[in-house]
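Naming convention: chains lettered A, B, ... in sequence-line order (proteins, then strands); numbering from 1 in each chain.
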Amino acid sequence: MATQILMPALSPTMTEGKLARWLKSVGDDIRSGDVIAEIETDKATMEVEAVDEGRLAQILVPEGTEGVAVNTPIAVIGADGEAAAPAAKATPTAPAPTTPASAAPAPTAPAATAVAAAPAADREWGPTAPLSVREALRDAMAAEMRSDSRVFLLGEEVAQYQGAYKISQGLLEEFGERRVIDTPITEHGFTGMAVGAAMNGLRPIVEFMTFNFAMQAIDQIINSAAKTLYMSGGQMGCPIVFRGPNGAASRVAAQHSQCYASWYAHCPGLKVVAPWSSADAKGLLRAAIRDPNPVIVLENEILYGHSFDCPTDPDFVLPIGRAKIERPGEHVTLVAFSIMVGVAMRAAEALAEQGISAEVINLRSLRPLDTATIVQSVKKTGRIVTVEEGWPFAGIGAEVNMQIIEQCFDWLDAPPARVHGLDVPLPYAANLEKLALPQPEWVVDAVKKLI
Amino acid sequence: MRVIGCLPQRSVIWRMSTSRVAEFSIALTRYLDGNGAATGPLPGFAAAPADLLPLYRGMLRTRSFDAKAVALQRTGRLGTFASSLGQEAVGVGAASAMAAEDVLLPSFRDQAAQLWRGVTPLELLLYWGGDERGSDFAGPREDFPICVPVASHVPHAAGVALAMKLRGEARAALCLIGDGATSKGDFYEALNIAGVWRLPLVVVVANNQWAISVPRAAQSAGETLAQKAIAAGVPGEQVDGNDVIAVRDGVARALERARSGGGASLIEALTYRLTDHTTADDARRYRDDAEVTPHWHGEPVARLRQYLVANGVWSREDEEHALAGAAGEIEQAAQAFLATGPQPLSAMFDHLFARLPASLRSQRDAALGGEADNG
């Protein structure tokens, strides 16, 4: 069944644009996330990314055509029998001003600006089956290792022991000791080594037993992996995945219970994802392994044993940089990632019983951040509460709320609010640990202060 | 006081017995003494004196490059620069032992090796001038960019060696570091793994006796830096780092061992930093002429020249001709560097990601808009 790609809109006011360039030709295989064309308006240029996969069957509008109306079919993708989802999303490269241009010179400092394109609906992946997060991560690695011989896994206890948290079960058996490698206890050493291997053409997956131990190696992650493409003038990239459990587990004390989300998301050159469900884990890890940049995958130990419905399609993958609306709502937007999505979902249930309809956004990706989806939601609800397990100072909630202030301040009916872990080293004592981490009631209380 | 316990009394006295379970020694290799006289038979590549001329020219070229780069810095036309004056034999000796398909991971004072490998003087000047395009080498595409952080590229080198080993290639990675770098954890961690996994890695330490102002004796209590290899289970040896024949010979043996599955090596090349740490340093503040002057005796360029002249393959005319040729090439590169325009603002974003995410495209476009409006 063929899918039409429609001329996307860069902004709600855009009616037409120029199809500047096709980046794919008829007959090319298109994967989700591929840039297929560039479109220009008098305000900006943007890239059109494919959401559906298949073969480019027909180009309906040749490059160079001006005045192409929004929603005009511009190409046809031959799909593999699936129902057609919206076929393309627009990724603007520059903002469409919402107010007339000022006569004053534009500021030289980079200004955060509205990303006006409405995100396309997520692709439907068909049937699902229950799968634990642990199995989803393993399946993602196994699938990518089967399809790309450059991919290998290394870390402490990943091979013989099958992973400290049993994520790599069966991988040594299937792929052998050349591709599933136990390292000495040497985080800085094996991380730097994996970075070097990535720069020399392999695609390593580095498992940290926990992200707490990655502090020994953070110099390699930030100063080498994230910067070398830039510092080598584009000569040498670093396609690598750093993954492992992040944040509090259960009674492992202060030095083994912290969230590194804002540490890594702070750094240009890195991509950072934080899965919640099995589908997140599988889809995002597969995308991370395929990504040509260094990607941090922040997993959660407590979620490893949780089961969620996950698409069974063998090609299932998720785009990095897209959030998911887990629960639609009208009165308030709850923004969370990783295990806090579950807390937000439980809070939304409790709020529903009190007649308050909360929309829950699962960020999935922290950098790049899907600001468009959050902005669209807040424009509908007029209120936002971010929920994170980590510390508040310069945290992900601070960034999300600042984006909202910059991009849709006038839509807000209440100040942005955040729920977060207490600003203390996480206590070991069971009662204190529970008291330091966000609970659904904290979210309910925060929402009720806004309404 | 209450007695809460007492040690059991032994009825058997164990007779002490010790045995030697491991023994180590560190060898030092030298072929030319400080006056350029052969101390014994030379290795095969040096058997004919004329075969050493490319190595000599390589050192002269490096010295010419260093002098020009320092001059450019002193006249405000180049950023901070680290001269390799007195250490040219380490880079030329090591790089000349490499095969083209081996991979070099240099530190910030390794222009001798980079130039030998085919990195151009213009690329190096662009790099030191702050233009990242200088690290996009047209020549040795797999060689790594200059590593300014101390020793963080030793794990990278082990990773390159791992990649070679996993792909089943008969190649090796060569990492150049300084004496100070051997005190760092990343050096030890990389060497340890390279030992365990028998990786095709050669680490060459240019021991120039000074880590900025910290002398070698204050860096480690070990008699040699080469012996740090012993704990990692890899061979460690010293070579006279001012004797280009000794450097090349030692590195060639280590590379051959690496490529043929024999694992990693550590080579300590004994040399001396005859100049400041960088152009941002004034070494007279922490070491006086009485410390430095004796080290001019036996410096690598004069040492090899004495040997070549004594063996009748080099003359004053050859020297003048070679110096003029090197200076001409470097001057041409300097003029090309100075004629290269500044990078556009967009260069900051160009290679940040393989493809720039939308949020950064907004930042870039906003910055570009500002630039255009102000222009």
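Ranked by heavy-atom pairs under 4.5 Å with chain B, the first of A:I181, A:D291, A:T191, A:L369 is A:I181. In terms of heavy-atom pairs under 4.5 angstrom with chain B, the leader among A:Q235, A:R150, A:R367 is A:Q235. Counting heavy-atom pairs closer than 4.5 Å to chain A, the top-ranked of the candidates B:M348, B:R133, B:M164 is B:M348. Between chain B and the options A:G189, A:G192, A:P184, heavy-atom pairs under 4.5 Å are most frequent for A:G192. For the set B:L352, B:L166, B:L162, the count of heavy-atom pairs under 4.5 angstrom toward chain A peaks at B:L166. Highest contact tally toward chain B, considering only A:A198, A:S224, A:G237, A:A226, is held by A:S224 [criterion: heavy-atom pairs under 4.5 Å].
Contact between A:V206 and A:A194 at its shortest, heavy atoms only, is CG2-CB, 3.4 Å. Smallest separation of non-hydrogen atoms from B:V202 and B:A258: CG2-CB, 4.4 Å. Shortest non-hydrogen contact noted between A:L154 and A:P204 is CD2-CB, 4.4 Å.
Put simply, the side chain of A:N293 never gets that close to the backbone of B:F353: no donor and acceptor are under 3.5 Å apart. One N or O on the side chain of A:D182 and one on the backbone of A:Q160 form a donor-acceptor pair closer than 3.5 Å. No donor-acceptor pair closer than 3.5 Å links the side chain of A:R364 to the backbone N or O of A:I320. In this structure, A:T228 contributes its side chain and A:A225 its backbone to no donor-acceptor pair below 3.5 Å. The backbone N or O of A:A323 lies less than 3.5 Å from a partner atom in the side chain of A:D370, making a donor-acceptor pair. With hydrogens and angles ignored, the 3.5 Å screen pairs a side-chain donor or acceptor of B:K228 with a backbone N or O of B:T182. Using a distance-only test at 3.5 Å, with no hydrogens or angles considered, no donor-acceptor pair links the side chain of B:R364 to the main chain of B:S346.
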Check the pair B:F349, B:Q363 against side chain to side chain contact (heavy atoms under 4.5 Å, CB included), reporting the backbone distance first and the verdict last. CA-CA 9 Å; B:F349 296 91; B:Q363 283 190 36; 4.2 Å; yes
Please evaluate residues B:S265 and B:V234 with respect to the criterion side chain to side chain contact (heavy atoms under 4.5 Å, CB included), reporting the C-alpha separation (whole Å), side-chain torsions for both, the decisive distance (0.1 Å), and the verdict. CA-CA 6 Å; B:S265 304; B:V234 310; 5.8 Å; no
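Taking the side chain as every heavy atom from C-beta outward, A:V180 and A:M145 approach each other to under 4.5 Å. Using a 4.5 Å heavy-atom cutoff, the side chains of A:S365 and A:R322 are not in contact. Using a 4.5 Å heavy-atom cutoff, the side chains of A:L172 and A:E177 are in contact. Using a 4.5 Å cut-off on side-chain heavy atoms (C-beta onward), B:I267 and B:V205 make no contact. B:R171 has its side chain out of reach of B:L255: every pair of non-hydrogen atoms, C-beta onward, lies at least 4.5 Å apart.
Neither the backbone nor the side chain of A:S149 has a heavy atom closer than 4.5 Å to any heavy atom of chain B. For a residue to count as touching a neighbouring chain, one of its non-hydrogen atoms must lie under 4.5 Å from one of that chain's; by this rule A:K227 does not touch chain B. Residue A:M236 touches chain B through its side chain alone, counting heavy-atom pairs closer than 4.5 Å. At a 4.5 Å heavy-atom cutoff, B:A161 makes no contact with chain A through either its backbone or its side chain. With a 4.5 Å cut-off on non-hydrogen atoms, A:F190 touches chain B through its backbone and its side chain both.
Atom CG of B:L356 is separated from atom OG of B:S362 by 9.0 Å, given to the nearest 0.5 angstrom. Note: A:F242 CZ to A:E207 CD = 13.5 Å, rounded to the nearest 0.5 Å.
At most 12 heavy atoms of other shown residues, nucleotides or ligands fall within 6.0 angstrom of atom CD1 in A:I185. Under a cut-off of 6.0 angstrom, the local environment of CE in A:M209 is crowded, with over 12 non-hydrogen atoms contributed by other residues, nucleotides or ligands.
At a heavy-atom cut-off of under 4.5 Å, chain B is reached by A:D219, A:Q220 from residues 216-223 of chain A, listed in order of number. Scanning residues 187-201 of chain B against chain A with a 4.5 Å heavy-atom cutoff picks out B:E189, B:N192, B:I193, B:W197, B:L199, ordered by number. Along residues 100-122 of chain B, the residues that come nearer than 4.5 angstrom to chain A, judged on non-hydrogen atoms, are B:V103 in order of number. Within residues 146-155 of chain B, the residues that have a heavy atom under 4.5 Å from a heavy atom of chain A are B:S152, B:P155, listed by number.
A donor and an acceptor atom, one from each side chain of B:R167 and A:N200, are located under 3.5 Å apart.
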